[in-house]
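Single-structure report; data block below.
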4 protein chains.
Amino acid sequence: MRADALRNRERIVDAARELFAELGAEVPLDEVARRAGVGNATLYRNFPDRGALVLGVVQRVTDRIAERAERALGDAGDPFEALCGFVSGAVEERIGALCPLITQTVDHEHPEWVASRDRLQVFVDAVLVRAQEAGAVRTDVAVGDLLMALSQLSRPLPGTGCGRFEPFMARHIQLFLDGLRAPAGSELPGSPVTLEALRQPE
Amino acid sequence: MRADALRNRERIVDAARELFAELGAEVPLDEVARRAGVGNATLYRNFPDRGALVLGVVQRVTDRIAERAERALGDAGDPFEALCGFVSGAVEERIGALCPLITQTVDHEHPEWVASRDRLQVFVDAVLVRAQEAGAVRTDVAVGDLLMALSQLSRPLPGTGCGRFEPFMARHIQLFLDGLRAPAGSELPGSPVTLEALRQPE
Amino acid sequence: MRADALRNRERIVDAARELFAELGAEVPLDEVARRAGVGNATLYRNFPDRGALVLGVVQRVTDRIAERAERALGDAGDPFEALCGFVSGAVEERIGALCPLITQTVDHEHPEWVASRDRLQVFVDAVLVRAQEAGAVRTDVAVGDLLMALSQLSRPLPGTGCGRFEPFMARHIQLFLDGLRAPAGSELPGSPVTLEALRQPE
Amino acid sequence: MRADALRNRERIVDAARELFAELGAEVPLDEVARRAGVGNATLYRNFPDRGALVLGVVQRVTDRIAERAERALGDAGDPFEALCGFVSGAVEERIGALCPLITQTVDHEHPEWVASRDRLQVFVDAVLVRAQEAGAVRTDVAVGDLLMALSQLSRPLPGTGCGRFEPFMARHIQLFLDGLRAPAGSELPGSPVTLEALRQPE
DNA sequence: GATGAATGAGAGTTCATTCAT
DNA sequence: TATGAATGAACTCTCATTCAT
């Protein structure tokens with residue numbers, strides 16, 4: 001019976017991830033339950049409120065992106081190529097839907113979230129630093145710059161049938177990656193950004 | 001009383017612009033009315049439904065950004081500097097809130113919107129082409145690339161007290177502008193994007 | 001200027017009469033004003049609230065039907081024919097919309113209304129009695145029986161494009177008139193009904 | 001819990017039937033819910049919009065009247081008496097509130113409604129024809145003449161505390177029934193009316 | 001543990017009526 | 001005086017959440 005329950009939980013998170021990406025974070029939770037093929041009360045049993053569900057999705061996505069970064073680290077080829085590969089993977093994992101979920105509802109003190117976030121940061125940082133040490137990426141940027149900009153550039157636009165704008169996004173992400181290349185094209189305002197910035201002090 | 005009515009209309013559009021930027025396109029219309037200092041029915045007299053109000057805001061913002069572009073055109077200085085100045089101005093005008101409003105609710109056949117959009121395109125195109133002809137910007141990008149990416153990079157994040165993330169955005173926009181610089185840093189997928197893309201055929 | 005004001009008042013009552021008959025007594029008063037070709041505030045100047053407007057319409061219709069009855073009285077031909085002619089005329093005057101307006105909103109103490117009602121009763125009673133005295137109509141019915149049933153049978157049905165059902169109504173009114181004929185086809189429950197019944201004590 | 005849900009549905013239809021008859025088809029749905037003793041959202045779960053609720057009520061009433069006709073058919077006594085008994089029963093079932101609901105909101109293509117309507121027609125037709133064959137009722141009338149006129153004559157008048165006018169209605173219905181008696185008292189305009197007329201072609 | 005149903009709070013929209021020109 | 005505009009109350013419908021089976 002526990003296997004069944006776990007499978008339900010998985011299906012709920014998956015359904016929520018898709019729907020959040022397609023229709024935004026405001027989708028009716030009954031809709032999520034329907035897509036997951038469970039009753040709504042089952043959803044509430046697993047995630048007492050919308051915040052808990054969002055946290056579940058955010059962690060899931062974050063962890064999968066961290067895995068991608070870890071895999072990119074193991075890639076022995078050109079460091080910049082590895083970085084680009086990671087970027088594509090992150091987009092596939094729907095990183096574009098991530099930032100709004102985090103800023104809108106995640107509790108930044110929540111230890112599980114902090115752990116996921118830090119793990120993500122460690123691996124992406126390694127991928128980035130390796131490219132910087134190879135002289136391929138300017139040194140005045142940090143992991144938060146990469147991930148936040150990437151998230152924004154691939155962020156879904158409401159009303160677009162989920163994917164309609166992706167061809168454009170690929171161009172714009174490429175332009176951004178060109179802007180990351182060493183030597184620095186211009187001086188950047190502010191300081192390099194890390195993921196802790198997401199919970200900025202007010 | 002016509003003067004009074006017009007002033008009310010202005011106040012409603014202004015309030016909506018702010019609230020759409022701060023809280024997204026789903027803000028309660030009663031909230032917009034309250035912020036504008038009018039009764040809710042006054043809002044509905046001027047804008048029969050949410051779509052009409054969104055259209056009003058979109059046109060207002062589009063027109064103001066087009067004016068900025070026109071002014072940048074008159075700037076006799078360095079063409080790339082003029083482009084950067086325009087970009088800053090567009091961000092100030094809250095271009096970041098624009099794309100979602102357009103894709104979500106604007107009727108792409110609506111003649112007034114088409115007129116505003118085309119006017120914007122003409123002026124921004126001129127600013128961009130001038131920089132390209134001066135050899136400062138790569139030639140495989142078009143006005144839609146600039147505006148859509150800019151819009152996404154400056155798009156407000158829900159739950160952030162409107163501005164909290166602007167320091168980061170400035171960095172990321174700068175990186176994107178660096179990516180725009182000639183010579184081209186890499187080959188871009190797809191073709192240069194114009195604003196007609198916003199209404200892409202299905 | 002008074003002539004103008006009076007003409008406005010007339011136009012408002014006419015518009016209201018048509019709309020009440022077509023769409024029921026709940027039509028928006030702004031709609032009445034539009035149909036009358038005046039501003040809504042002009043309507044409110046003439047009729048402080050919906051009740052006053054309804055009273056105006058009810059009186060107008062009542063008076064016109066009373067005139068028809070008066071004319072039928074002057075008709076020297078067959079008394080039953082005269083009665084039938086009056087009935088047709090009353091239907092043309094939209095008697096079918098009358099009863100609901102009266103029961104719903106008219107103040108039964110209002111002296112002007114009482115005067116109109118009594119005048120109607122006097123004339124219709126005369127038409128009816130004449131037919132009864134000629135032996136054409138059963139004697140156990142009174143003016144209220146005739147007018148209330150007639151009103152119900154010709155009462156507009158909402159959603160019907162005003163007139164779609166009139167062919168049927170003509171049949172049913174004819175059947176009712178046949179039922180009125182002497183000698184009495186059956187014993188009727190209760191007592192003959194007069195128009196005072198419209199304000200029945202509770 | 002299905003039993004409970006069904007009971008709720010029943011209570012909602014009953015409450016709606018009463019309120020439609022008392023106050024017309026425009027009663028606030030919240031009022032219906034209150035009268036039924038359920039929350040408003042329960043009403044909306046069962047009947048997604050007002051049209052669905054009206055359809056539910058119309059079907060319920062139609063079916064009950066059809067049952068009455070069926071029972072009248074089984075009555076071995078005088079055919080005209082049986083017809084009169086059916087008429088009384090139909091009035092008790094609130095046939096008077098039926099026509100407006102049908103013309104105002106029912107979708108005349110809706111298969112369930114068509115089925116109910118046709119079933120009603122079959123039984124009432126049988127009752128009527130039997131009286132005609134016994135020589136008691138004129139032969140130039142059909143089931144639609146009977147039911148539509150009956151509906152209009154017993155149609156509730158707004159503002160009357162539901163019943164105040166029933167004594168009169170009984171008289172007028174009796175007069176109408178007298179008019180139905182053979183031999184025909186006069187020639188009727190048009191042709192006999194069936195229930196299909198309710199959806200008349202435009 | 002899982003489910004369908006119930007609920008109340010809230011959002012969009014309409015309308016009778018009042019105000020300001 | 002006549003008008004267009006403003007207003008708040010009311011109504012329909014949705015949705016997060018809780019309950020009963």
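Only this structure's heavy atoms are used, side chains among them; waters, hydrogens and symmetry mates stay out. Labels below follow one simple rule: chain letters A, B, ... track the order of the sequence lines, proteins then strands, and each chain is numbered from 1. Worth saying up front: this structure is predicted, and the values here are computed from it rather than measured.
- Contact annotation: the side chain of A:Arg50 never approaches that of A:Thr105 to less than 4.5 Å [non-hydrogen atoms, C-beta and beyond].
- Taking all atoms of both residues into account, the shortest heavy-atom contact from A:Val57 to A:Val13 is CG2-O, 3.9 Å.
- Side-chain contact between D:Trp113 and D:Asp107 is absent, with no heavy-atom pair separated by less than 4.5 Å.
- Computed from coordinates, the A:Phe47 CZ to E:dA2 P distance equals 12 Å when rounded to whole Å.
- C:Arg34 places its CZ atom 11 Å from the P atom of F:dG4, with the value rounded to the nearest Å.
- As a whole-Å value, the separation of C:Arg45 CZ from F:dG4 P is 14 Å.
- Using a 4.0 Å heavy-atom distance criterion, D:Val27 is classed as a sugar-phosphate-only contact.
- Distance OG1/D:Thr62 to CD/D:Glu112: 12.0 Å, rounded to 0.5 Å.
- Of the residues in residues 37-44 of chain D, D:Asn40, D:Ala41, D:Tyr44 come within less than 4.0 Å of DNA chain F through at least one heavy atom, sorted by number.
- Taking a pair as Watson-Crick or G-U wobble with both distances under 3.5 Å, the runs of three or more consecutive pairs in DNA chain E are E:2-21 with F:2-21.
- Here F:dA10 presents its C1' atom at 13 Å from CG of B:Asp30, a figure rounded to the nearest Å.
- In this structure, D:Arg9 atom CZ and E:dG4 atom P are separated by 17 Å, rounded to whole Å.
- Heavy-atom nearest nucleotides on DNA chain E were determined for B:Arg50 and for A:Asn46, and the one closer to the 5' end corresponds to A:Asn46.
- From D:Arg155, atom CZ reaches atom CZ of C:Arg155 across 3.5 Å, with rounding to the nearest 0.5 Å.
- Among the heavy atoms of the strands lying under 4.0 Å from B:Asn8 are primed sugar atoms or P, OP1, OP2 only; no base atom is included.
- When heavy atoms are screened at a 4.0 angstrom cut-off, D:Asp49 is found touching the sugar-phosphate backbone but no base atom.
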Audit row: D:Val106, D:Leu101, side-chain contact (heavy atoms from CB on, under 4.5 Å) steps and yes/no: CA-CA 7 Å; D:Val106 168; D:Leu101 294 180; 5.6 Å; no
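- You'll find that the side chain of A:Leu29 is closest to F:dA16, out of F:dT12, F:dA16, E:dA2.
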Can you list, pair by pair, the side-chain donor-acceptor contacts under 3.5 Å of residues 32-44 of chain C, counting residues two or more places apart and other chains?
| from | atom 1 | to | atom 2 | distance (Å) |
| --- | --- | --- | --- | --- |
| C:Arg34 | NH1 | C:Glu31 | OE1 | 2.7 |
| C:Arg35 | NH1 | C:Glu18 | OE1 | 2.6 |
| C:Arg35 | NH2 | C:Glu22 | OE1 | 3.3 |

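- Following rounding to the nearest Å, D:Arg7 (CZ) and F:dT21 (C1') show an atom-to-atom distance of 15 Å.
- Atom CG of B:Asp4 is separated from atom C1' of E:dA20 by 8 Å (rounded to the nearest Å).
- When all heavy atoms of A:Asp63 and A:Ser116 are compared, the closest pair comes out as OD1-OG, 3.0 Å.
- Atom CZ of B:Arg17 and atom CG of B:Leu53 lie 12.5 Å apart (nearest 0.5 Å).
- Taking the side chain of B:Pro28 as heavy atoms from C-beta on, and the options F:dA2, E:dA11, E:dC15, the nearest nucleotide is E:dA11.
- Here F:dA5 is the nucleotide among E:dA5, F:dT17, F:dA5 with the atom lying nearest to any side-chain atom of B:Ala5.
- In this structure, the CD atom of C:Glu31 is 9 Å from the P atom of E:dC15, given to the nearest Å.
- Between D:Glu10 and D:Arg60 there is a salt bridge, since a side-chain N of the basic residue sits under 4.0 Å from a carboxylate O of the acidic one.
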